[in-house]
2 protein chains.
Amino acid sequence: GKSSGRRMTTKDCTSIVEGLKVIYFSKIKPLEETYKFGAFFSSYLNESDFSAKPSVLLLGQYSTGKTTFIKHLLGQEYPGIHIGPEPTTDRFVVVYHGLEERRTPGNTLIVQPDKPYQGLSQYGNGFLAKFEGASCPNKLLEEISLVDTPGVLSGEKQRIERTYNFIDVCGWFAARCDLILLLFDPHKLDISDEFKQVISTLKGHDDKVRVVLNKADQVDMQQLMRVYGALMWSLGKVFRSPEVCKVYLGSFNADAPIRSDLNPAGVELFTKEQGNLLNDLYEIPQRSCDRKVNEFVKRIRAAKIHILIMGYLRRQMPAMMGKQKAQEKLLRNLSDCFAHVQREYHLPMGDFPDVNRYREILAAFDLSTFPKLRDKDIKNIEDVLSQDIPSLVRQFDNPYGGG
Amino acid sequence: GKSSGRRMTTKDCTSIVEGLKVIYFSKIKPLEETYKFGAFFSSYLNESDFSAKPSVLLLGQYSTGKTTFIKHLLGQEYPGIHIGPEPTTDRFVVVYHGLEERRTPGNTLIVQPDKPYQGLSQYGNGFLAKFEGASCPNKLLEEISLVDTPGVLSGEKQRIERTYNFIDVCGWFAARCDLILLLFDPHKLDISDEFKQVISTLKGHDDKVRVVLNKADQVDMQQLMRVYGALMWSLGKVFRSPEVCKVYLGSFNADAPIRSDLNPAGVELFTKEQGNLLNDLYEIPQRSCDRKVNEFVKRIRAAKIHILIMGYLRRQMPAMMGKQKAQEKLLRNLSDCFAHVQREYHLPMGDFPDVNRYREILAAFDLSTFPKLRDKDIKNIEDVLSQDIPSLVRQFDNPYGGG
Ligand SMILES: Nc1ncnc2c1ncn2[C@@H]1O[C@H](COP(=O)(O)OP(=O)(O)OP(=O)(O)O)[C@@H](O)[C@H]1O
Ligand SMILES: Nc1ncnc2c1ncn2[C@@H]1O[C@H](COP(=O)(O)OP(=O)(O)OP(=O)(O)O)[C@@H](O)[C@H]1O
Ligand SMILES: [Mg+2]
Ligand SMILES: [Mg+2]
């Protein structure tokens, strides 16, 4: 990050994530599959979980300048772009890097294995008809993808005409993106019920949210203060957290410079704020990489504990007779088993899964069908945690080291 | 008000309030007493209810500049003033007009019949030792009184050392004043639990609250925005109302001009905002007068209904025998009586008091002891409402008329 004085390049990030991928597919996934980790934790990782670029989600009422903001960032229009004073963007558009400019329909996007959109199929054709990809050979898009969205509407009528659950789709993107920009403009401050619901789905992701008070140059300083104060007043009530959301005031519009006629004193402020927001955006790849490493380590630690538990349970099973009775007894005393594994391998108790949920899932398996856990397997997974990942990260983490 | 193009002078206000006083003591109070209105509504008005000047209450953490603000407003120090960086003001000081500079101890203040502080005796000697009057021959004080307060503290220790209930005392003043200024400064934004409680007691009086972000010139524009945003974020949560509190940004300090080194772009804003706040203050006498007339009319309307009800009930009482039985029956069917009075005098049902509460209070009286209501009494009270008060107000309300 900026503060530590180093900045990892996107290449470094890509290399780290590539490294994680190699580790996962060669050393971890086979073990996860052997011990059915996918049934206990979360499904196995695939290509796109590693290759997906970090992404930025734009949300806001119609005409607050979401699409214009994207154009400003890219320095160009994306294929199929619509900008205008009436509600214009009528679909979710993922804007990503590609060697040529192309629009791709939602139904095609969700079956591409290298794209992280498979999960969107759950929202049905009503949504997929309003989902589109736009690729262009843009420098910024080499590092991040952008998600343009239809403006949040306040009219009941328009909301009802939607053929899909807008709130849920926003939630899906919010959970998966790296930064969420909430756009407001001085003339569109009221937070409609639908917008409130959208913001509610962001609650678990507070740390990713940035508020942009766009078109800030269109009112004088006193009005800006009123508008900004009113915005914070109501946002504080919608987000319940005591920590204040980061807000940027500015006017993100490639086609027009910041106006200085209405609020000359604001120009310097807006310029600084816009610079800060861009910095925030440029730091995404680095943070995204940190987050991926972090989540990867979390997953491996969980997998290790799972495998040790399964190995322990398998060891307690009789070779010949009374298998079912034995399994039933083991399941009854599952917390004792957990405690035993915890002591034997010096693991933090807090890292163990919920014992009841575990028991339920286990009941669907026949313990005797699992292979015995070999010391070699344990050593392998421990090496990944203590050596492979640290050395992978260290390789790119040294400001003087090669990349 | 400013918007209507006329501004009532304080003299006009004083004349109106004097007029109300004359009406009350000559025409209303005797009737109120005859029919025990005080037991049903609120106690009889006295001199100080009419003569009390409108007042402004200042609240805020220590060192946010409350006392300095008062000095700035007055253009002079009040007797006994303390200003300093540590917690300085250690008492509630009511600053009011007097021909000479004088400090008056709390115990003396609460027994003065022309001062509206009798009610404070309920907070005991612990409070009265920390309550003081300060008079000076100041022009502004001819129109409004000011209430300086000790800073709200965050330390548990200091709070415990208080010899009175700080929150309740703040609530007492808040209910009676005409404007409440909540002072913050950029370095003291955190709203302590005690402060939160103070703000909670203001909830019924939202319309009187003005927030002042004082010393705004001590940080640069970006910091100011962060500070201001954070303030609104948390205020919105403390005040639950959707309406945003009015906020003024500035630096109210007679001893130092607005600094322009840290935030040159802010100077114009602060100057404007300070002007607006002063205007808001100068409008208090007018608004206070409107409010007094308003509340007076409300009281008279309630008194009229009370007297008509009592008159009706009295009429139903037998001359000689079975008085108790008759009264019991009347009380049982009190809602029918209300409905009867309502129809007979064409009164809005919504203006009638709560029937159960009324029944309870009535039970303590012997209806037959009340005098019969004369048509003359009814005409008198109706004349007050339809002629005396309107012509009193009209006399001062005409921009071309004499005052
Ligand atoms: N920073 C800005 N300053 C002034 N005008 C702007 C700014 N950004 C956008 N506009 C104008 O506001 C209008 C709406 O812009 P845009 O279409 O980008 O908004 P949007 O949020 O994408 O709307 P929708 O939700 O309907 O897609 C357009 O007329 C655009 O030119
Ligand atoms: N507008 C201002 N700009 C800069 N400094 C100020 C301003 N107002 C007050 N100060 C300084 O802040 C300090 C505290 O001021 P003051 O005593 O008026 O605050 P207070 O809110 O009355 O505090 P307390 O609650 O302790 O009585 C003093 O040193 C004063 O000079
Ligand atoms: Mg758009
Ligand atoms: Mg003070």
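Residue numbers begin at 1 in each chain, while the letters A, B, ... track the order of the sequences.
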* Structure fact -> For Trp233(A) and Glu243(B), the nearest pair of non-hydrogen atoms, with its separation, is CZ2-O, 3.3 Å
* **Arg291(A): partners by salt bridge (Lys or Arg N to Asp or Glu O under 4.0 Å), with sequence neighbours left out** => Asp178(A), Glu295(A)
* Is a side-chain donor or acceptor of Arg226(A) paired with a backbone partner of Lys246(B) at a separation under 3.5 angstrom? -> no
* Give, as side chain, backbone, both or neither, the part of Leu249(A) having an atom under 4.5 angstrom from any heavy atom of chain B. => side chain
* Asked: Based on non-hydrogen pairs under 4.5 Å, which of Gly266(A), Gly229(A), Gly236(A) is most in contact with chain B?
  -> Gly236(A)
* Between Leu224(B) and Met225(A), what is the shortest heavy-atom contact and its length? -> CD2-CE, 4.3 Å
* side-chain contact (heavy atoms from CB on, under 4.5 Å) against Val227(B), all qualifying residues, sequence neighbours excluded -> Pro186(B), Leu189(B), Leu213(B)
* To do: Count the heavy atoms belonging to other residues, nucleotides or ligands that lie under 6.0 Å from CD of Glu268(A), then report whether that count exceeds 12.
  => no
* Gap between atom CG of Leu235(B) and atom CE of Met232(A) - 0.5 Å precision -> 11.5 Å
